[in-house]
Amino acid sequence: MTSLPRHLSLLIALLMGGAVPMPALAAGENLKVTSLKASAAGFYEVVVATPTAGRPVTCVLRDASGKALARNTWISQTPETTVPVRHPGAPPSSAVCAAD
């Protein structure tokens, strides 16, 4: 008996009501930041697209020159994770997040 190609197996799983496996986060993999906004006094919320739950995600706030201002690690949720980062100084211009 021959095995089905992967894409056919996934299609059959979807049609039969089964779950399709999500890609795992690899350590060091950069993640897409979907939002960066100020929240409570001295905190910023970084919203990150995360395909896998239960993995550590580290986000770094950066200034316009790319200098790291603050960082925090949070455990991922799906489909996105909100990482609170404490930074009472000048507003950051961007955030970079990666799986740990």
Side-chain angles (χ1 to χ4, degrees):
M1 180 174 178
T2 61
S3 62
L4 293 172
R6 179 162 170 73
H7 67 278
L8 248 164
S9 298
L10 292 175
L11 180 61
I12 291 170
L14 276 175
L15 292 173
M16 300 299 285
V20 175
M22 295 296 290
L25 291 175
E29 178 181 349
N30 287 333
L31 302 170
K32 181 181 180 187
V33 174
T34 58
S35 172
L36 169 62
K37 62 183 177 185
S39 62
F43 280 87
Y44 287 85
E45 288 182 351
V46 182
V47 180
V48 186
T50 47
T52 304
R55 294 288 312 269
V57 172
T58 298
C59 292
V60 179
L61 300 181
R62 298 191 181 277
D63 65 11
S65 68
K67 177 184 171 195
L69 301 172
R71 73 180 63 229
N72 192 17
T73 300
W74 211 249
I75 301 300
S76 67
Q77 305 288 317
T78 56
E80 63 184 20
T81 303
T82 300
V83 180
V85 182
R86 187 177 191 298
H87 176 63
S93 62
S94 66
V96 177
C97 299
D100 289 346

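Residues passing the side-chain contact (heavy atoms from CB on, under 4.5 Å) test with Arg62, sequence neighbours excluded: Val60, Ala68, Ser94, Val96. Taking Ser93 as the reference, Ala64 meet the side-chain contact (heavy atoms from CB on, under 4.5 Å) condition, with sequence neighbours excluded. Partners of Ser76 by side-chain hydrogen bond (donor to acceptor under 3.5 Å, both in side chains), not counting sequence neighbours: none found. Shown here are the side-chain contact (heavy atoms from CB on, under 4.5 Å) partners of Thr78, two or more places apart in sequence or in another chain: Ala53.
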Please walk me through it: do Arg55 and Thr50 pass side chain to side chain contact (heavy atoms under 4.5 Å, CB included)? CA-CA 9 Å; Arg55 294 288 312 269; Thr50 47; over 6 Å; no
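Closest approach of Val33 to Ala95, counting heavy atoms only: CG2-O, 3.5 Å. Across all non-hydrogen atoms, the minimal contact from Thr81 to Gln77 is OG1-N, 2.8 Å.
Linking ILVMFWY side-chain heavy atoms closer than 4.5 Å, directly or via other members, places Leu36 and Val48 in a single hydrophobic cluster. When hydrophobic clusters are built by joining Ile, Leu, Val, Met, Phe, Trp and Tyr residues whose side-chain heavy atoms come closer than 4.5 Å, directly or via intermediates, Trp74 is not grouped with Val47.
Sorted by first and then second residue, the disulfide (SG to SG under 2.5 Å) pairs with a member in residues 61-100 read Cys59-Cys97; sequence neighbours excluded. Screening residues 36-47 for side-chain hydrogen bond (donor to acceptor under 3.5 Å, both in side chains), with sequence neighbours left out, gives no hits.
Residues Val46 and Leu61 are in side-chain contact: their nearest non-hydrogen atoms beyond the backbone lie under 4.5 Å apart. Within the 4.5 Å cutoff, side-chain heavy atoms of Leu31 are placed close to those of Val57.
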